[in-house]
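Below is one structure, written out as structure tokens, with a few remarks after it.
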There are 2 protein chains.
Amino acid sequence: MKSLTPESTFRTRLDRARAEMARTGVDALILSLGHDLPYLTGYLAMPLERLTVLVVPRDGEASLIIPRLEAPRVTEMPTVFSIAPWNETDDPVALAHKLLGAARTIAVGDQMWSRFLVDLLALRPSSTYVRSVVVMEALRSRKDVDEIAALVAAGAAADRVAAQLQAGDIALVGRTEAEVSADISARLIAEGHQKVNFAIVAAGENAASPHHDAGDRVIRFGEIVLCDFGGSMNGYCSDITRCVHLGEVPTDIADAYAVLFEAQAAGVAAGTVGTMCEGVDAASRAVIDAAGYGEWFVHRTGHGIGMEAHEDPYMVKGNSTPIAAGHAYSVEPGIYIPGKWGMRLEDIVVATENGPQPVNHTNHHLVVLDR
Amino acid sequence: MKSLTPESTFRTRLDRARAEMARTGVDALILSLGHDLPYLTGYLAMPLERLTVLVVPRDGEASLIIPRLEAPRVTEMPTVFSIAPWNETDDPVALAHKLLGAARTIAVGDQMWSRFLVDLLALRPSSTYVRSVVVMEALRSRKDVDEIAALVAAGAAADRVAAQLQAGDIALVGRTEAEVSADISARLIAEGHQKVNFAIVAAGENAASPHHDAGDRVIRFGEIVLCDFGGSMNGYCSDITRCVHLGEVPTDIADAYAVLFEAQAAGVAAGTVGTMCEGVDAASRAVIDAAGYGEWFVHRTGHGIGMEAHEDPYMVKGNSTPIAAGHAYSVEPGIYIPGKWGMRLEDIVVATENGPQPVNHTNHHLVVLDR
């Protein structure tokens, strides 16, 4: 897909990346898989054994090393980077090594395959390697107005699918989790997403596994159904979780959901500019702990979101990064009773100088459905 | 998906991996994303920022480090590995470091995200890191009878879709490449694949880009259409390329296709046990070079295939690995005239003591269609 972002934006981003490199003592940046590369160039590398990598020396021209047969996929931007195609019998790691020149401290993109770093280590054993987030987090985590607009649009599309779920438009009883997952996926596309990243559908006791794979389990009347889904729309991600209950809600589930509802709202409200990221986690967790469900809230409260479904900053104990205007992240506490049921409630939130602004607005209650 | 492979097979594979470690001087193996991990454990790691990694000390018990919230996804096999779950505020790389003990030479899975290797480097600066293929290629590249049966079944399913294309069951003229790609993908699923890995559809001048993304380009009468598709069926991959021509074939395309047909057959025939992998490439390339199209054959002739769509061994100049019984790989020469047209012809082949045995049998000629 051709990037919608103008060349001038990429030029500005690369300038900012170089400034961050200077500030953090990084001599060169190497970016392959993942979204640091498209953030700087508009191009997403193919996840294959042929290496694609952007080499950005702090004081030299940026070069995109790419297999010659994939070069036609790239939109050239001479004022941002040049293209260095390699042939099938060339060694692309040796080419990167050459372009890195005398660089001592090299920041490596998070998702680059280790095989290429292993090969680079053999060529440059005395370089120091750090993670690219050292350079890129400051850029990517603070979304600009166009990025926020894209997140809001993707969130609104996901909201519409969640509303269809709550309205009973998506049949549940008697279908498998996998069928409902496919139905939700098709609706995300119909509402404007280009790509579905995940569509977790977990019924009854399966909802107690936070990363459950939707499977052949048939959904039955009388149980809770957890739906956590999202995708990419014009390059930016959505992510939402809502639970519905088929028929009358048992007391234990109703009691826990009331706590979850309050915990999620507390996490959202805590996200003021200057608060440490772990403060959002603490706010949600305090509510769940106080109600006695603490041992069943087994994951962090949230993750950053943008071009990637999960990215920095993370809302987790130990992350003292202060929330800044333009940070976008999920707030998604959960309660999971193994073998019985699970529940999670999730919105995406954008931090602003005027306080946290949720992107998602679909009904936050446990909606009761009859089919 | 629950693995269909019995625990005894995994135990045998792990024993063989340890023997390879001893032979190659590797003290420990660490495997994360990619298919070395499911080959040894039946479990495919999630491609997320939370680390999953199997640590195999040569002389100690294997441990699967996994986020606690993903642990329910794993089928435990106490005679093969134990599970070491980590909590949200634990440091999984520090846990891996501890389990690696005094290991000096560490073999790292190809697709593990570099962020984890960067963190490990900081903890173990004086270890030596090598690629896991040093240990795993000898195991994974020689398929056993069950694996070959799975490749044959996946290939037969892909053949049926290719035959539907050649029979004119898949309308082309007036549809976009993306629509035809979606149609082919649905047919791969209908024929038994669980997952589509890619479905390249490239019409006319787009066929000159070997890794073209199927897009909004409408297919017209009078042009060549290249279709290269494959997926995963019961854990093993298919991959096939056929071209069709809409209406009468111009002389330049007919002439080139005759060369391509001969080059592909020569590559298949060259794959006898003991021949170096580069010999397959040389055999196809010699035919194309002799006919004067050499500069337009811009990629290697093939790649290994198994649990992954692309894996060792590669059929490329410089690979002197001798072909062994049980090797499975693609033979897929191509001719690409930029701005005009492109063509590729691809089968999967299994090497046996009785010579190369193609998995794919669909008509190898340039079939002419009228719609």
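So that the names make sense, note that chain A is the first sequence line, chain B the second, and so on, each numbered from 1.
Residues meeting the side chain to side chain contact (heavy atoms under 4.5 Å, CB included) test with B:A214, sequence neighbours left out: B:E177, B:S181, B:V201.
A:T89 and B:V316 make their closest contact through CG2-CG2, 4.3 Å (heavy atoms, listed as atom of the first residue, atom of the second, distance). Summarising the geometry of A:G109 relative to B:S114, their closest heavy-atom pair is O-CB, 3.7 Å, with the distance given to 0.1 Å.
In this structure, no portion of A:V133 lies under 4.5 Å from any heavy atom of chain B. Only the side chain of B:R73 has a heavy atom closer than 4.5 Å to any heavy atom of chain A. When heavy atoms are compared at a cutoff of 4.5 Å, B:N87 does not approach chain A at all. Residue contact with chain B, scored on non-hydrogen atoms closer than 4.5 Å, involves the backbone and the side chain of A:L69 alike. A:Y314 touches chain B through its side chain: at least one heavy atom from C-beta onward sits under 4.5 Å away, while N, CA, C and O do not. The contact between B:L48 and chain A is made entirely by side chain atoms (from C-beta outward), counting heavy-atom distances below 4.5 Å. Neither the backbone nor the side chain of B:F116 comes within contact range of chain A; no heavy atom of the residue lies under 4.5 Å from a heavy atom of that chain.
For the 3.5 Å distance criterion, the side chains of B:H211 and A:E70 qualify, holding a donor opposite an acceptor. Side chains of A:E49 and B:H310: a donor on one and an acceptor on the other come within 3.5 Å.
Around the CE atom of B:M276, the shell of radius 6.0 Å holds no more than 12 heavy atoms that belong to other residues, nucleotides or ligands.
Residues B:V298 and A:E88 form no side-chain contact, since every pair of their non-hydrogen atoms from C-beta on lies 4.5 Å or further apart.
By number of non-hydrogen pairs under 4.5 angstrom with chain B, the leading residue of A:E311, A:H303, A:K317 is A:K317. Interface check for chain B: of the options A:Q111, A:M112, A:M46, the most heavy-atom pairs under 4.5 Å are formed by A:Q111. Counting heavy-atom pairs under 4.5 Å between each of B:R68, B:R131, B:R115 and chain A puts B:R115 at the top.
How far OG1 of B:T128 is from CG of A:L121: 10.0 Å, rounded to the nearest 0.5 Å. With values rounded to the nearest 0.5 angstrom, A:D110 atom CG is found 12.0 Å from B:L117 atom CG.
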